[in-house]
**Q** 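Could you have a look at this structure, given as C-alpha cells, before my questions?
Hydrogens, waters and symmetry mates play no part in the numbers below; they use all other heavy atoms, side chains included. Counting convention: from 1, in listed order, for ligands and their atoms alike. Computed from a predicted structure; not experimentally measured.
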Amino acid sequence: MPYQAGQRLGAEQASKLGHLDVLQSKFVQDVIASFEQPELEPGDTSSTPWIPFTGEHKPLRYIFAVDGSLQVLKSEGVICREVAFVKTALLHLDPNEIASLDPEYPHPNALRKIMTNSALFHATVFPLKNIRIERVPWMEGVRNLIFESLRDPTLEGEPYKTLKWLLYQKWDSDLHSSSPSFECPVCHKEQTGLPYDSDHMVCANCNSKLFVSDVLGLHMEMADDGAAESLANAYMLIHENLMLFTAIRYFWEQGNTKVLKDTLFIKDGPLTLRAQYSKMIPNIRSFLAFANSRDCPIHICGQEKTGKFVDHLASIVRYAAPQKNGDKANLAILSHRFIRDEVQRVQAGVYPYGCKTNYGEKVYIKLNPHHALVLSIPTGEYLNHEDSPSEVPDFIGLERIIATLPGLVSYRHECALVPIELVNGIASLSNYPSAKVLKLFARLV
Ligand SMILES: [Zn+2]
C-alpha cells in the first residue's frame, strides 16, 4: 500500500522498476509455473443437473422490482470529509406496458412514463469521515440516525412498519412474538428481545434507551476503523429487503391474496442477509412458509449479476439446451452439495450452504440460446439436507416465476430483465439529476 498524499508532499508512486525484482525471483517463477490454465473443457465437467422446463404455466400478472445504490461523496479542502448517500427504490410495473416496449430500442419517453407513475424511493445519508453528529456521542448519534432513517416520513414510515412486522412475526397474531435477541449496543449485555410491537425498551443492566432498530445490529459496523462505508452498504441491503416486503405486507394486510399470489417480486441480487443481519432470515422464511401453507404462494426471485454462480454458469452454459431459438427453456436446481463441490469448491462446512444467511435457493435458467440467468428463489422453511433442493416442488411458485421471465427479457444488456434495468435506473444515484445537488450538500457538511 503506497503512502497517501499529505498537505505538503504528494502521494507515493508505485514503482514500475520494482516489478522487475519480483519477476526475477526464482520462487515467483516456480509458483507461476505451477499454475495451470485449463483449456476450454469439451463439455460441462460439473454435470449441472439441467432439466427441460415443461408444462403450460400462467405468467404472473403484476410485477414489483427493488434495488438500491450507494454513493460516497468527498469534500474538497484541507480536511477531507466523507458522507455516503444511500437510495433504495421500489417499482411497480405492468407487464402489458413492458410488453409494449421495443426490447432492443425502448423509447426513452415510454420508459420515463413507466418510471414516474409507479416508483417509491427512500434516501438517507451517513457520515463516514471527519464529521460529528451534533450534541450526542458518536455511537448514539449513529443509532438515532438509523432509527430515524427507517422511519423516513416521505414513505410514511412504511419500511419501519415492515421491519416491526418481520421482527414480531405479525402475520400470525396468535404468536404475539417478541423480537429476536440482541446485544445492548451500550453495555453489550445480551437482551432476550423487545416485547411484542414495541419501538423502544430500556436496558435493565445500563438503563440505556434501546431502539427496535438496534436488533439489527447495524451500529456494530461502526466498531471497526474505517468500516463506516460497510454500515451504509449493510443499511442499503436491509432496506432493499424492507422495501420488497413492504409491498408484500401491504397486500397481505389488505387480505388481497388474489393480487399477492399473482405478483412477481424481483430483487436485484441474491436473497441473502449476512452476519448479524441473518437473524431476520428465520422470520422471513417462516412468513413465506406460513403464506404458502394458506394457499398464498409468494413469488420472489433475486437475480444475481456477478459472483461465483454467474462465473460458473458462464463457463458451462454453452453446453446446455436450448441450442436454438424456439426450443424449450432448461433449468438447473442446485443442491447444497452441488454448490459446495462444483461452484464454491470448498470442504463441507459446519452448516449446509445458505443455512444461516439465505432465504432463497439457487436455480439456473436458460431461456434461449443467448439468455441464461442465476436466480435465488425461496423454498419457505430451509431444506436442511445436502442433496436439497432437488425438484421443482421444493420451491414456492418456481413454475409461474419461470413462465413470467420470457416476457421480461431485455436485449439491451447481457442476460438482463427489464424490471431490474428500470429499477436500477431509479435507484442509481449517479444517473439521477440530483447527483450535483448531493455534491453541493456534501460540501456544506
Ligand atoms: Zn445496556
**Q** Would Arg143 and Glu140 pass as an ion pair if we require N to O under 4.0 Å?
**A**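 No salt bridge links Arg143 with Glu140.
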**Q** For the residue pair Trp165 and Phe245, is the inter-centroid distance of their aromatic rings smaller than 6.0 Å?
**A**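 Trp165 vs Phe245: aromatic centres not under 6.0 Å.
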**Q** When you draw lines from the Zn ion (ligand 1) to SG of Cys187 and to SG of Cys206, what angle lies between them, to the nearest 10°?
**A**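 So the angle at the metal works out to 110°.
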**Q** Looking at Lys170 and Glu253, does any basic side-chain N land under 4.0 Å from a carboxylate oxygen?
**A** no
**Q** Counting backbone and side chain alike, does His188 bring an N/O/S atom below 2.8 Å of the Zn ion (ligand 1)?
**A**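 Checking the Zn ion (ligand 1) against His188, no N, O or S atom falls under 2.8 Å.
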**Q** If you have a sec, read the angle at the Zn ion (ligand 1) from Cys184 atom SG over to Cys203 atom SG, to 10 degrees.
**A**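 Taking the Zn ion (ligand 1) as the apex, I get 110° for this pair.
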**Q** Go through the side-chain N and O atoms of Ser410 and Glu421 and say whether any donor and acceptor fall under 3.5 Å apart.
**A** yes
